[in-house]
Participant: 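Got a structure for you, written out below as structure tokens; questions coming shortly.
Side chains are part of it too, since the values below use all heavy atoms of this structure and drop only hydrogens, waters and symmetry mates.
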Amino acid sequence: MALGALFGSLWFVSLAAMPYLISQAIDHGLTPRRTGPLIAWSLAVLGMGLTGAGLGIMRHRSMTKLRIAAALRTADQVLTHATELGAALPRRVTAGEVVTIGISDVWLIGRAMNVGGVGVASILACSVIATLLYRTAPSLALVVVIGVPALGLVVGPLLRRTQRSGSHYRERQGELNARLVDVVGGLRVLSGLGGSDTHLDRYVRESGRLRDLGYRVGRPSSWIGALGDGLPMVFLAVVIWVAARMAAAGEITVGELVAVYGYTAMLVIPVSVLIFCGFDLTYGLVAARRVIGFLNLPADDPTGAAGPPGPAPLHDPESGVTAEPGRLTALAGARPADAAEVLDRLGRYTPAPATWGDHRLSELARDVVRERILVAENDADLFAGPLREVVAGRHDPDDDLVRAAIDTAVAHDVAHDLARPVEWGGRNLSGGQRQRLRLARAVHADPEMLLLAEPTSAVDAHTESAIAERLSRARTGRGTVVATTSPVLLDRADTVHFLVGGRVAATGTHRELLTAEPGYRALVTRVFGDDA
């Protein structure tokens, strides 16, 4: 930034010096018809032009480097913080907001750095020009001294209006991008259900409203652009009119008149730069607030206690759910979100008073919790690579263990060849295959407590029955929690918690709850029919 201000200031000074050198060539060489001084001053003009060209190159290089460095450093901070948030990221901010920050906001912040470089140089240039005009005629300098602050009074309200409307526009833009990311991510499912046209119509309506809001943002912005180009011309007209009258009256020489014109014409550049710097700063502040809001999202403290020395029950006081080690516990509720929130609290992904044995989860070391308690979500990412590496995850692939996990997940149609390539996100697999591959990866990790969210929602009844049997057998001696309303899985569970409004309404086995709880029976039969 300092280099940008330095080279920008020297470049403006070289531009301001040019009219002075031309005026000296006119007054000392051209007017008295003296060849020697004319050649000398002309060479000085040429030298200053070459110097200005070199300074202009360095100014442009330094400012470009400044803008790109600011944008990419901001992107690095955003990405670093996103990594620190880890799996908690999608629970705290939408994917569309992160995309908008990474694609749009960081570059707006980079452009705002113009204020610290050429913005500072422009202020210095205006001061230098006012000083040169004062040496020629104090009244001309007065026009600059009064005019530049007057420009700020004219443009300032427009900049504040742009900032207010720009903040609202930016918020709506993030929401619309979030919808776009969701639609694109679920396009195959939407097309299969015939809902793609409905979501397209909704996106068109919302983008139309955003476009109209953009027009409202553009109105003051267009005035700022017009004033940035037009108001400096007012300077030029007023100063030249005053200087021409002074030259006609003999108060200044013809060379000084030419110099005054050059000074004023050159003044157009820094004044325009200042106006557009204000414009860049306005949008940069809007973007910076969004970035800082993201960076202020609290990340988990990775430090803490070591946790229970051995298997211990997980308990969530907010819902009343308790998951005992070595047992298969099921969570059944009319709202899948209620069970998902319980899993997030038991997995220490959201702030909660959940406990693990005698310890509060929030007081334990994050890595210890992640090592021993695994939350396996239905939309967890699948990374690209050979099938055996995708299932093994961070562990070294062992083909026997990989095949055992695949057998538990009944994913033989996927795993006939362990070297089979899996594309990012499992794009070369069907929805059911992706779900079973995620389940195989979770089973292979073999955590002390495995928390599964709807692990069989995309498979047929025969496959689901096989998964239920093999999962309970594979997890013998280990704790497992399954959020599901599948009667096949519920019947295999040692304990079923029936959730109503996010809290445990009844606890027992599947068959006990079918007999004793009408609400539970209605939930299961409503979802799967009377033969449930």
Participant: Given Val414 and Arg420, is the side chain to side chain contact (heavy atoms under 4.5 Å, CB included) satisfied, shown in steps?
Facilitator: CA-CA 8 Å; Val414 186; Arg420 171 183 179 173; 4.1 Å; yes
Participant: Does Arg73 CZ have over 12 foreign heavy atoms under 6.0 Å away?
Facilitator: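 No.
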Participant: Partners of Arg370 by side-chain hydrogen bond (donor to acceptor under 3.5 Å, both in side chains), sequence neighbours excluded?
Facilitator: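 For Arg370, no residue satisfies side-chain hydrogen bond (donor to acceptor under 3.5 Å, both in side chains) once neighbours in sequence are set aside.
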Participant: Check side-chain hydrogen bond (donor to acceptor under 3.5 Å, both in side chains) between Arg394 and all other residues, then give those that pass, not counting sequence neighbours.
Facilitator: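 So Arg394 forms a side-chain hydrogen bond (donor to acceptor under 3.5 Å, both in side chains) with Glu371.
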Participant: List for me each residue that meets ring-ring contact (aromatic ring centres under 6.0 Å, His included) alongside His81, sequence neighbours excluded, and say none if there are none.
Facilitator: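 ring-ring contact (aromatic ring centres under 6.0 Å, His included) check on His81 returns Phe294.
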Participant: From Leu281 CG over to Leu274 CG, what is the distance, rounded to the nearest 0.5 angstrom?
Facilitator: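 It is 11.5 Å, given to the nearest 0.5 Å.
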Participant: With a 4.5 Å cut-off on side-chain heavy atoms, are Arg348 and Ile373 touching?
Facilitator: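 Side-chain contact under 4.5 Å: no.
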Participant: If the condition is side chain to side chain contact (heavy atoms under 4.5 Å, CB included), which residues does Arg360 pass it with, not counting sequence neighbours?
Facilitator: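 Arg360 satisfies side chain to side chain contact (heavy atoms under 4.5 Å, CB included) with Pro353, Thr355, Ser362, Glu363 only.
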Participant: What distance separates Leu285 CG from Ile109 CD1, expressed to the nearest 0.5 Å?
Facilitator: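 Output value for this atom pair is 9.5 Å.
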Participant: Give me the atom names and distance for the closest heavy-atom approach of Val422 to Leu387.
Facilitator: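 For Val422 versus Leu387, the nearest heavy atoms are CG2-CD1, 3.9 Å.
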Participant: If the condition is side-chain hydrogen bond (donor to acceptor under 3.5 Å, both in side chains), which residues does Arg436 pass it with, not counting sequence neighbours?
Facilitator: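 In terms of side-chain hydrogen bond (donor to acceptor under 3.5 Å, both in side chains), with neighbours along the sequence ignored, Arg436 is linked to Asp413.
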Participant: Answer yes or no: are there more than 12 heavy-atom neighbours, outside Asp396 itself, under 6.0 Å from its atom CG?
Facilitator: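 Check fails, neighbour count at 12 or below.
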Participant: Only counting residues at least two apart or in another chain, list the ones meeting salt bridge (charged side-chain N to carboxylate O under 4.0 Å, His left out) with Arg388.
Facilitator: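 Applying salt bridge (charged side-chain N to carboxylate O under 4.0 Å, His left out) to Arg388 gives Asp399.
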Participant: Could you report the tightest heavy-atom contact between Val291 and Asp105, atom names first, then the distance?
Facilitator: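 Result for this residue pair: CG2-CB, 4.1 Å.
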Participant: List for me each residue that meets salt bridge (charged side-chain N to carboxylate O under 4.0 Å, His left out) alongside Arg111, sequence neighbours excluded, and say none if there are none.
Facilitator: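 Only Asp280 meet the salt bridge (charged side-chain N to carboxylate O under 4.0 Å, His left out) criterion with Arg111.
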Participant: Is it the case that over 12 heavy atoms from other parts of the model lie below 6.0 angstrom from the CZ atom of Arg245?
Facilitator: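 No, the 6.0 Å shell around CZ holds no more than 12 heavy atoms from other groups.
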Participant: Any side-chain to backbone donor/acceptor pair from Ser23 onto Tyr20? Under 3.5 Å, distance only.
Facilitator: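 Yes, because the side chain of Ser23 sits within donor-acceptor range (under 3.5 Å) of the backbone of Tyr20.
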Participant: Between atom CG of Leu343 and atom OG1 of Thr350, what is the distance when rounded to the nearest 0.5 Å?
Facilitator: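 With rounding to 0.5 Å, CG (Leu343) is 10.0 Å from OG1 (Thr350).
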Participant: Write down the atom of Phe12, the atom of Ser122, and the distance for their closest heavy-atom approach.
Facilitator: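 Answer, listing the atom of Phe12 first, then Ser122: CE1-OG, 3.6 Å.
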Participant: If we only count heavy atoms from C-beta on, is the Val120 to Leu124 side-chain gap below 4.5 Å?
Facilitator: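 Of all side-chain heavy-atom pairs linking Leu124 with Val120, none is under 4.5 Å.
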Participant: Run the side-chain donor-acceptor check on residues 230-243: report pairs under 3.5 Å with partners two or more places apart or on a different chain.
Facilitator:
none

Participant: How long is the span from the CZ atom in Arg211 to the CZ atom in Arg209, to the nearest 0.5 Å?
Facilitator: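 Separation between the atoms: 11.0 Å.
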Participant: Minimum heavy-atom separation for Ile129 to Ala16, with atom names?
Facilitator: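 Closest approach of Ile129 to Ala16: CG1-CB, 4.4 Å.
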Participant: Between Leu66 and Met63, does a side chain to side chain contact (heavy atoms under 4.5 Å, CB included) hold up when you go through it step by step?
Facilitator: CA-CA 5 Å; Leu66 171 61; Met63 289 307 303; 3.8 Å; yes
Participant: Taking only residues two or more places apart in sequence, or in another chain, which ones meet Leu3 in a side chain to side chain contact (heavy atoms under 4.5 Å, CB included)?
Facilitator: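 Phe7, Ser62.
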Participant: Among all residues two or more places apart in sequence or in another chain, which pass the salt bridge (charged side-chain N to carboxylate O under 4.0 Å, His left out) test with Asp344?
Facilitator: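 Asp344 satisfies salt bridge (charged side-chain N to carboxylate O under 4.0 Å, His left out) with Arg91 only.
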Participant: For Glu256 and Asp27, which heavy atoms make the closest approach, and how far apart are they?
Facilitator: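 Heavy-atom minimum between the residues: N-OD2, 3.9 Å.
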Participant: Ignoring hydrogens and angles, tell me if any N or O in the side chain of Arg441 forms a donor-acceptor pair with the backbone of Val390 under 3.5 Å.
Facilitator: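 Not confirmed, Arg441 side chain does not pair with Val390 backbone.
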Participant: Return yes if some donor-acceptor pair links the side-chain N/O of Glu389 with the main-chain N/O of Pro386 below 3.5 Å, else return no.
Facilitator: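 Side chain of Glu389 to backbone of Pro386: no pair is present.
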Participant: Rounded to the nearest 0.5 Å, how far apart are OG1 of Thr74 and CD1 of Ile101?
Facilitator: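 Result: 10.5 Å between the selected atoms.
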Participant: Go through the structure and list residues passing side-chain hydrogen bond (donor to acceptor under 3.5 Å, both in side chains) with Glu341, not counting sequence neighbours.
Facilitator: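 In terms of side-chain hydrogen bond (donor to acceptor under 3.5 Å, both in side chains), with neighbours along the sequence ignored, Glu341 is linked to no residue.
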Participant: Quick check against the 3.5 Å criterion: does Arg59 have a side-chain atom that pairs as donor or acceptor with the backbone of Trp11?
Facilitator: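 Not a single qualifying donor-acceptor pair exists.
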Participant: When you measure from the side chain of Gln433 to the backbone of Gly426, do you find a donor-acceptor pair of N or O atoms at a distance under 3.5 Å?
Facilitator: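 Not at all, since once roles are kept as given, no pair shorter than 3.5 Å links the two residues.
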Participant: For Arg67, give me all partners under salt bridge (charged side-chain N to carboxylate O under 4.0 Å, His left out), at least two apart in sequence or on another chain.
Facilitator: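 Testing Arg67 for salt bridge (charged side-chain N to carboxylate O under 4.0 Å, His left out), a comparison that skips the adjacent residues, returns none.
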Participant: Ignoring hydrogens, what is the shortest heavy-atom contact between Leu38 and Leu30? Give both atom names and the distance.
Facilitator: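 Taking Leu38 first and Leu30 second, the nearest heavy atoms are CD1-N, 4.2 Å.
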Participant: Just how far is it from atom CG of Leu295 to atom CD of Glu84, taken to the nearest 0.5 Å?
Facilitator: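 Leu295 CG to Glu84 CD: 9.5 Å, rounded to 0.5 Å.
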Participant: Kindly say whether Val204 contributes a backbone atom to a donor-acceptor pair with the side chain of Ser207 at under 3.5 angstrom?
Facilitator: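 Side chain of Ser207 to backbone of Val204, a donor-acceptor pair under 3.5 Å: yes, one is there.
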Participant: So does Pro421 get a backbone contact from the side chain of Asn428, meaning a donor-acceptor N/O pair under 3.5 Å?
Facilitator: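 Checked: pair present.
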Participant: Evaluate Trp107 against Leu72 for side chain to side chain contact (heavy atoms under 4.5 Å, CB included), listing each step before the verdict.
Facilitator: CA-CA 8 Å; Trp107 299 111; Leu72 294 183; 4.0 Å; yes
